[in-house]
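All remarks here apply to the structure that follows.
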Amino acid sequence: MKKNQPLNIINNPKDSEIKFEITGLKKLAEIQSEFSFNLQNPHRINHHSIIVITTGIGSHYIDFVKHDFTRGSLLFIAAEQVQTFDFKPGNDGFVISFTESFLTSVIKRTESLSQTWLYNYHLQRPKIQVKAAEQDHFFDISEKMYQEYQIKDGFAKNEIIQSLLNLLLLKSERIKRAEFSDPFKIDYSDIFFNYKNLCENKYPETRNVKYYAEQLNISYKHLNNICKQCIKKTAKQFIDDYIILESKRYLLSTNKTVKEISEKTGFDEATNFVKYFKKHTRFSPEKFRKKYS
């Protein structure tokens, strides 16, 4: 029986400067049997990804949420998220994968991407839809990236791929930012992102919102107001939602026991974790795993 494990498309040598890969969606469906787990089961990824849909209609699951796509759809999946492919005949496009360090090197090339919204899934949907008039341009950038990636030991290969990815991100960011109409959300996004990063790193140690407010040098009330404005949830609800999301990721993308997951998510006793999980999902961890795996 195949076991789920983190999808590791980034398989270049450790000393390689290229921490980037691109493959065809149809090709990925054809070679899925080569993986030690089923791509159509939930699996956690250790890199950022962009799926560019050039033909067909279907759906892709990101953190257990279904996102329908059609020609011109772009899906942005961040490192540590859980995804599930749903391969359908006639669907094709590009699956672009790159490490955090590669993304950082691309973002440094232009000030306009210094605060990219594309991978901030707490604030925005992970899908953008390119208008018909612009789709061929997006497809052309992706195709050029694919062709460049195929060149072995080509001069300036890394720089050319970075330039093309930079262009794709900038054009995607333009579409994403056009969706924003709330100046408060934009103005206070930095504080929210800092809070998010703190929670992701410290949640196994504490779920106390006052601790996070102190670390950010702001009042509990101000932090709560920022969360309500940015994500329409309290700061405490955000922590709870994130812990539940991480728990679901462990349950469906690993074979860890409930006790091991409870320790990973900061609970001293597995029974307390089970009560907490059931309170927020109405399922016990085992029933959730059985129902959705």
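All heavy atoms count here, side chains included; hydrogens, waters and symmetry mates do not.
- In this structure, CZ in Arg174 is found 7.0 Å from CD in Glu134, a value given to the nearest 0.5 Å.
- Proximity of Tyr276 to Asp240: side-chain heavy atoms (C-beta onward) are separated by under 4.5 Å at one or more points.
- Within the structure, side chain to side chain donor-acceptor pair (under 3.5 Å) contacts touching residues 204-213 (residues at least two apart or in different chains) do not occur.
- Taking Glu100 as the reference, His48 meet the side-chain hydrogen bond (donor to acceptor under 3.5 Å, both in side chains) condition, with sequence neighbours excluded.
- Taking 4.5 Å as the limit, some side-chain heavy atom of Ile96 sits within range of a side-chain heavy atom of Leu168.
- The aromatic rings of Phe288 and Phe283 lie perpendicular to each other, with more than 60° between the two planes, well past the 30° mark.
- Criterion: ILVMFWY side-chain heavy atoms under 4.5 Å apart, direct or through other members. Under it, Leu245 and Tyr292 are part of a common hydrophobic cluster.
- Applying the salt bridge (Lys or Arg N to Asp or Glu O under 4.0 Å) rule to Glu143 yields no partners; only residues at least two apart in sequence or on another chain are considered.
- Contacts of Asp241 classified as salt bridge (Lys or Arg N to Asp or Glu O under 4.0 Å), with partners at least two apart in sequence or in another chain: Lys233.
- Under the side chain to side chain contact (heavy atoms under 4.5 Å, CB included) criterion, Glu214 pairs with no residue at all, not counting sequence neighbours.
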Step-by-step side chain to side chain contact (heavy atoms under 4.5 Å, CB included) determination, Phe98 to Ile161: CA-CA 11 Å; Phe98 42 90; Ile161 288 175; over 6 Å; no
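- Proximity of a side-chain donor or acceptor of Asp92 to a complementary backbone N or O of Lys26 within less than 3.5 Å is detected.
- Residues forming a side chain to side chain contact (heavy atoms under 4.5 Å, CB included) with Lys144 (at least two apart in sequence, or on another chain): Asp140, Leu164.
- Around NZ of Lys236, the count of heavy atoms belonging to other residues, nucleotides or ligands within 6.0 Å exceeds 12.
- In this structure, the side chain of Asn224 does not engage the main chain of Tyr220 through any donor-acceptor pair within 3.5 Å.
- A heavy-atom distance below 4.5 Å is found between the side chains of Ile51 and Ile77.
- Contact check for Thr84 versus Pro42: side-chain heavy atoms found under the 4.5 Å cut-off.
- Using a 30° and 60° split on the angle between ring planes, Phe20 and Phe102 fall in the tilted class, from 30° to 60°.
- Remark: side-chain polar atoms of Asn166 are not paired, donor with acceptor, to backbone N or O of Gln162 under 3.5 angstrom.
- Every side chain to side chain contact (heavy atoms under 4.5 Å, CB included) that Glu263 has, sequence neighbours left out, goes to Lys259.
- With sequence neighbours excluded, the residues satisfying salt bridge (Lys or Arg N to Asp or Glu O under 4.0 Å) with Lys88 are Asp86.
- Tyr149 carries Lys157 over the face of its six-membered ring, with the cationic atom under 6.0 Å from the centre and within 45° of the normal.
- Smallest separation of non-hydrogen atoms from Thr234 and Gln237: N-OE1, 2.8 Å.
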Lys176 and Glu173: CA distance, side-chain angles, deciding distance, salt bridge (Lys or Arg N to Asp or Glu O under 4.0 Å) verdict: CA-CA 5 Å; Lys176 180 63 71 175; Glu173 186 86 8; over 6 Å; no
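- One N or O on the side chain of Asn91 and one on the backbone of Ile57 form a donor-acceptor pair closer than 3.5 Å.
- Residues satisfying the salt bridge (Lys or Arg N to Asp or Glu O under 4.0 Å) criterion with Lys248, sequence neighbours excluded, are absent altogether.
- Taking each heavy atom of Tyr203 and Lys264 in turn, the nearest pair found is OH-O, 4.0 Å.
- Among residues two or more places apart in sequence or in another chain, the ring pair (Phe, Tyr, Trp, His ring centres under 6.0 Å) test is passed with Phe192 by Phe238.
- Residue Lys202 places its NZ atom among 12 or fewer non-hydrogen atoms of other residues, nucleotides or ligands, all under 6.0 Å distant.
- Here side chain to side chain donor-acceptor pair (under 3.5 Å) pairs that include residues 66-80, with residues two or more places apart or in two chains, are Arg44-Glu80, Arg71-Gln135, Arg71-Asp136, Ser73-Gln129.
- Remark: Ser219 pairs with no residue by the side-chain hydrogen bond (donor to acceptor under 3.5 Å, both in side chains) rule, at least two apart or across chains.
- Side-chain N or O atoms of His47 include none that pairs as donor or acceptor with a backbone N or O of Ile45 at under 3.5 Å.
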